[in-house]
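Everything below concerns the one structure shown next.
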Amino acid sequence: MRSAAYVSARPKYGVLDVVGLLFRELGVMALIFLLIFAIGAAAVLTLKKTYTAGASIFAGVGQEYVYQPRIGTAERGAVPQQGEVVQSEAAILNSREVKRRTLEALGPTAILGEAPKSGDGQQAAMKALTGGMEVSIAPTSPVIGVSYETDDADRAARVLNTVVQQYLLYRREVFQDRTTPAIRAQREAFQGDLDEADSAYEAFLTTNDIGDFAAAKATLAVVYQTTYAERLSVQAQLNQADRRLQTLVAQQAGTPAEIALQQDLNIAAQDQILQLRTEREQLLSRYQPDAQPVKDIEARIAQLTTYVGSGSAVGAKEVRTGPNPVWVELETTRITTQAERDSLMARLAVLDRQVVDIRARQARLTQLESENANLAGNREVLTASIREFQQRESQSRADNALVAAGADKVTVIERATPPLKGKSLKAPLLIAVFLFAGFTALCVGLIRIFTRRGFPTPRVVSRTLDMPVLAVAPMKAH
């Protein structure tokens, strides 16, 4: 190793000197570079992708922004500018109340993606929701853009859709009309007389067992026509059944109740002929056809054949009698017809009573018609006197119901869907870590060069002392 002279003068380095000395520190610089780059790369690789879900909302000038005076028509219909409406809706969308309701609807775990590590999960989830949500508007555009960024695509879309849904519900509560109770109180002040008239009319209907007078009268007319027509039909069926029963009785009287059902014939002679023929065949197996035993049996067969041919050998051996099927069928039909006639007679009696009751009910309604007209007329007069307050209350209540149902000028143009691509800072961060590690290693090398005491090279000595270096002697080993 070359020796270095130690003087009080500060060494002067050139560019080539610095480059050459850096190569001497290459090992230390490489170690510093690898250490810093490894630590930074490990930290960067642990970062997750972020996904941004977006939704857009159309906020037009709706009925809730139109001025409606409580009394009179002065300044009715005044509306704000479109930009003012959009700013108002954006403020409601980005309000803490909407975020709080979203947190209650989903819970901290659904927003954070994991169970809260600390006890205050609500605060952590609210912080994550506030930091990841962004609302953007344009001065002249009625469209509000809202986005939510997190490390999970499905969670980003689910949270953002919940925010939009809670915003729609909350704004309906904000714009709910509060004048309905006051209008109702004024209407109820005029409702007392009508309630009394209603009570009197209901008592009249209850006492006379009437649900609706006009409907009851029309129903009785229809029921009377139907019942009377059914009575005529049943009466015709009864006459038909009675005539049919008389015909069946007359037919049954001329039909015998019992007839011969089965006869067994006497065929003993035919059986004997068959038996003798069998014996003849057996004899032929032992004798000649002209043998005497064969002739004897053939004579007996001829005698029995002649007897059977005369016709007197076959006769009734046993006769069985029983009920006549025709008579039984007539009896069954007669019983059925008689039962049908009896049921028709009972049905006709019921229909006769119903016709009488309906006629009496119609006569009673005719007597009550004038009283019903008076009571109904009183109710109509009282109803007309409070119609104005009822109309205003109905309009106010309908407006609240429409607002609660979402019938306004705020419409979700596009709901959030899970984004297909996420943003990742791994590549730029790795480049930054690489550059930082290289810069740090270079700084360490330069520090080691410029803090070293002595002159590391002959050119540094010559440049610093402004004298030539004639020779370089190696350092003597100790």
Is the shortest heavy-atom distance from the side chain of Ile57 to the side chain of Ile413 under 4.5 Å? no
Check ring-ring contact (aromatic ring centres under 6.0 Å, His included) between Tyr170 and all other residues, then give those that pass, not counting sequence neighbours. none
Give a yes or no on whether Glu97 atom CD has more than 12 heavy-atom contacts from other residues, nucleotides or ligands under 6.0 Å away. yes
Within the 3.5 Å criterion, strictly below it, is a donor on Arg334 or Gln338 matched to an acceptor on the partner's side chain? yes
To the nearest 0.5 Å, what is the distance between CD on Gln246 and CG on Asp242? 5.0 Å
Once side-chain contact (heavy atoms from CB on, under 4.5 Å) is applied, do any residues pair with Glu104, and if so which ones, sequence neighbours excluded? Arg100
Counting only N and O atoms by type, is there a donor-acceptor contact under 3.5 Å from the side chain of Arg415 to the main-chain atoms of Ala55? no
CA sep, side-chain torsions, deciding dist, call: Asp352, Leu348, side chain to side chain contact (heavy atoms under 4.5 Å, CB included): CA-CA 6 Å; Asp352 289 337; Leu348 182 61; 4.0 Å; yes
dist Arg347:CZ -> Asp342:CG (nearest 0.5 Å) comes out at 15.0 Å
Looking at CG of Leu442 and CD1 of Ile32, how far apart are the two atoms once the value is rounded to the nearest 0.5 Å? 12.5 Å
Within the 4.5 Å heavy-atom criterion, are Tyr228 and Leu351 side-chain neighbours or not? no
Checking Ser233 side chain against Glu230 main chain: does a donor-acceptor pair fall under 3.5 Å? no
Here the pair of heavy atoms bringing Thr337 nearest to Ala241 is CG2-O, 3.5 Å
Nearest heavy atoms of Val98 and Ile92, plus distance in Å: CG2-O, 3.1 Å
What's the separation between atom CD1 in Ile358 and atom CZ in Arg353, rounded to the nearest 0.5 Å? 13.0 Å
Nearest-0.5 Å distance, OG1 of residue Thr102 to CZ of residue Arg96: 12.0 Å
Side-chain contact test, heavy atoms from C-beta onward, threshold under 4.5 Å: evaluate it for Leu238 versus Met345 and give yes or no. yes
For a side chain to side chain contact (heavy atoms under 4.5 Å, CB included) with Thr130, tell me which candidate from Met133, Met126, Lys127 qualifies. Met126
Quick check: does any side chain N or O of Asn94 sit under 3.5 Å from a backbone N or O of Val135, one acting as donor and the other as acceptor? no
To check you understand the geometry: which heavy-atom pair defines the closest contact between Gly438 and Phe33, and what is its length? N-CD1, 3.3 Å
Least distance between heavy atoms, Ala53 atom then Leu160 atom: O-CD2, 3.1 Å
Evaluation steps, side chain to side chain contact (heavy atoms under 4.5 Å, CB included), between Arg172 and Leu169: CA-CA 5 Å; Arg172 294 166 191 170; Leu169 296 176; 3.7 Å; yes
What is the distance from atom CZ of Arg231 to atom OG1 of Thr226, rounded to the nearest 0.5 Å? 15.0 Å
Would you sort out whether Leu93 and Glu89 count as a side chain to side chain contact (heavy atoms under 4.5 Å, CB included), showing the intermediate values? CA-CA 6 Å; Leu93 176 60; Glu89 295 294 339; over 6 Å; no
State whether the number of non-hydrogen atoms from other residues, nucleotides or ligands found under 6.0 Å of Arg243 atom CZ is greater than 12. no
If you take all heavy atoms of Ala125 and Leu103, which pair is closest and at what distance? CB-CD1, 3.4 Å
Has the side chain of Thr227 got a donor or acceptor atom that lies under 3.5 Å from a matching backbone atom of Tyr224? no
Of all heavy-atom pairs linking Val85 and Ala59, the shortest is CG1-O, 4.2 Å
Within the side chain of Ser141, is there an N or O that forms a donor-acceptor pair under 3.5 Å with the backbone of Val143? yes
Min side-chain heavy-atom separation Leu129-Tyr148 under 4.5 Å: yes
Any donor-acceptor pair under 3.5 Å linking the side chain of Asn161 with the backbone of Ala157? yes
